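Contents: one structure, followed by commentary.
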There are 2 protein chains.
Amino acid sequence: MKKIDILKKLRSSGLRPTKQRVEIATFLFEREKTFHFTVESLNKLLTKKLASKIALATIYNTVHAFKTAGHLSEVEVRGSKTYFDTNVSNHHHFYDSETSELIDINAKDIIIQKIPKAPNGKKIKNVEVFINLKN
Amino acid sequence: MKKIDILKKLRSSGLRPTKQRVEIATFLFEREKTFHFTVESLNKLLTKKLASKIALATIYNTVHAFKTAGHLSEVEVRGSKTYFDTNVSNHHHFYDSETSELIDINAKDIIIQKIPKAPNGKKIKNVEVFINLKN
DNA sequence: ATCTAGTTTATAATCTTTCTAAAGTGAAAA
DNA sequence: TTTTCACTTTAGAAAGATTATAAACTAGAT
């Protein structure tokens with residue numbers, strides 16, 4: 001994703017393209033592969049990459065703003081930290097608990113044949129498959 | 001599950017059947033249906049049920065000891081709190097985010113037809129399906 | 001009955017995340 | 001361009017969940 005598109009992405013979601021948001025968005029979206037991170041890991045990587053430090057609260061604010069805008073998704077992972085994913089399409093995950101690493105699985109690579117009915121007047125919003133790995 | 005079996009369950013996992021552990025185990029395992037809880041909800045329910053209060057730290061200790069012993073499983077749920085489940089067999093979950101309620105799905109009620117190969121020298125430990133509900 | 005390693009307890013500490021309120025800044029309007 | 005002001009950023013405080021600590025307690029072996 002190009003710089004110009006990042007500005008568009010921010011503006012179109014009603015987010016003023018501030019210096020910090022552009023830097024974070026550039027870091028997150030200017031890459032080929034999908035990217036998984038926690039706020040802590042993102043903060044470390046940004047600190048390493050950028051000359052001027054971005055406040056931790058700003059990273060929290062920005063990640064949440066991006067999530068609300070639909071530019072990031074949150075992944076179910078057991079444990080204390082919240083994981084985010086730059087892949088916002090419907091998909092699944094491998095999880096390697098040895099390395100705490102998430103790997104995307106394309107939605108079409110998992111086919112579910114049988115699924116139970118949603119209970120009492122509820123509907124199914126989405127189905128997430130989480131495959132735990134071992135060595 | 002009967003009182004005698006609860007004592008057995010504790011002893012067989014190397015846990016001394018103290019007053020607190022027996023009370024917590026009785027509360028958790030002496031029921032027909034599987035039970036989902038957080039440490040906070042368990043603490044509230046135990047406080048209501050028991051005459052003498054059990055320290056919060058003891059509830060944390062005990063729940064973790066039961067989990068390590070394989071008597072409880074931990075469920076992936078987005079959010080700040082950790083959910084536990086008295087159902088330790090391989091199974092799946094519905095999750096109603098409106099009510100923060102988990103509902104068990106029997107393993108045989110979900111059939112996965114196609115599944116990707118585990119990456120680079122890794123093996124699949126287990127597959128968890130998480131179905132989010134909406135109204 | 002005594003002893004001791006394993007437990008419980010209250011409290012402090014830690015960790016992640018959110019709140020607060022003051023200072024800063026895009027961008028619209030003058 | 002300058003002014004203006006709502007939106008942002010920031011550092012630090014606060015909150016919420018969980019874990020660590022160390023002293024008091026207790027199950028069960030001797």
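Every value quoted in this text rests on a predicted model; they were computed, and no experiment measured them. Per chain, numbering begins at 1; letters A, B, ... match sequence-line order.
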When the distance from CD1 of B:I59 to C1' of D:dT18 is rounded to whole Å, what number comes out?
13 Å
How many whole angstroms separate atom NZ of B:K81 from atom P of D:dA15?
16 Å
Euclidean distance, atom OH of residue B:Y60 to atom P of D:dA17 [Å, nearest integer]
7 Å
Is it the case that the side chain of B:S41 and the backbone of B:F37 share a donor-acceptor pair, with hydrogens and angles ignored and the cut-off at 3.5 Å?
no
Rounded distance in Å - CD (B:E74) to C1' (D:dT18):
12 Å
Just to be sure I understand the geometry, which residues of residues 40-49 of chain A put a non-hydrogen atom under 4.0 Å away from DNA chain D?
none
Verify whether one side chain among B:N135 and A:K122 offers a donor that lies under 3.5 Å from an acceptor in the other.
yes
Report yes if the side chains of B:I131 and B:V129 come closer than 4.5 Å at any heavy-atom pair, otherwise no.
yes
Between A:R21 (side chain) and A:R16 (backbone), is there a donor-acceptor pair under 3.5 Å?
yes
Measure from the side-chain N and O atoms of B:S73 to the backbone N and O of B:N87, and report whether any donor-acceptor pair falls under 3.5 Å.
yes
Side chains of A:D85 and A:H91: is there a donor and an acceptor less than 3.5 Å apart?
yes
Quick note, ring pair (Phe, Tyr, Trp, His ring centres under 6.0 Å) partners involving residues 45-82 of chain B, not counting sequence neighbours, are B:F29-B:F66
Under a 3.5 Å threshold, yes or no: a donor from one side chain and an acceptor from the other, between B:H92 and B:D109?
no
Start and end of the DNA chain C segment that chain A contacts, any atom under 4.0 Å from a heavy atom:
C:dT16 to C:dA27
Gap between atoms NZ and C1', on A:K53 and D:dA11 respectively (whole Å)
11 Å
A correct 5'-to-3' footprint of nucleotides 20-30 of chain D, with B, S and - meaning base, sugar-phosphate only and no protein heavy atom under 4.0 Å, is B-----BBS--
d(CD, A:Q20; P, D:dA11) in whole Å:
10 Å
Using ring-ring contact (aromatic ring centres under 6.0 Å, His included) as the criterion, list what pairs up with B:F130, not counting sequence neighbours.
B:Y95
Using a 4.0 Å heavy-atom cut-off, does A:T82 contact any base of the nucleic acid, only the sugar-phosphate backbone, or nothing at all?
sugar-phosphate
Residues two or more places apart in sequence or in another chain: which of them pass side-chain contact (heavy atoms from CB on, under 4.5 Å) with A:N90?
A:A107
Just how far is it from atom CD of B:E101 to atom NE2 of B:H36, taken to the nearest 0.5 Å?
9.0 Å
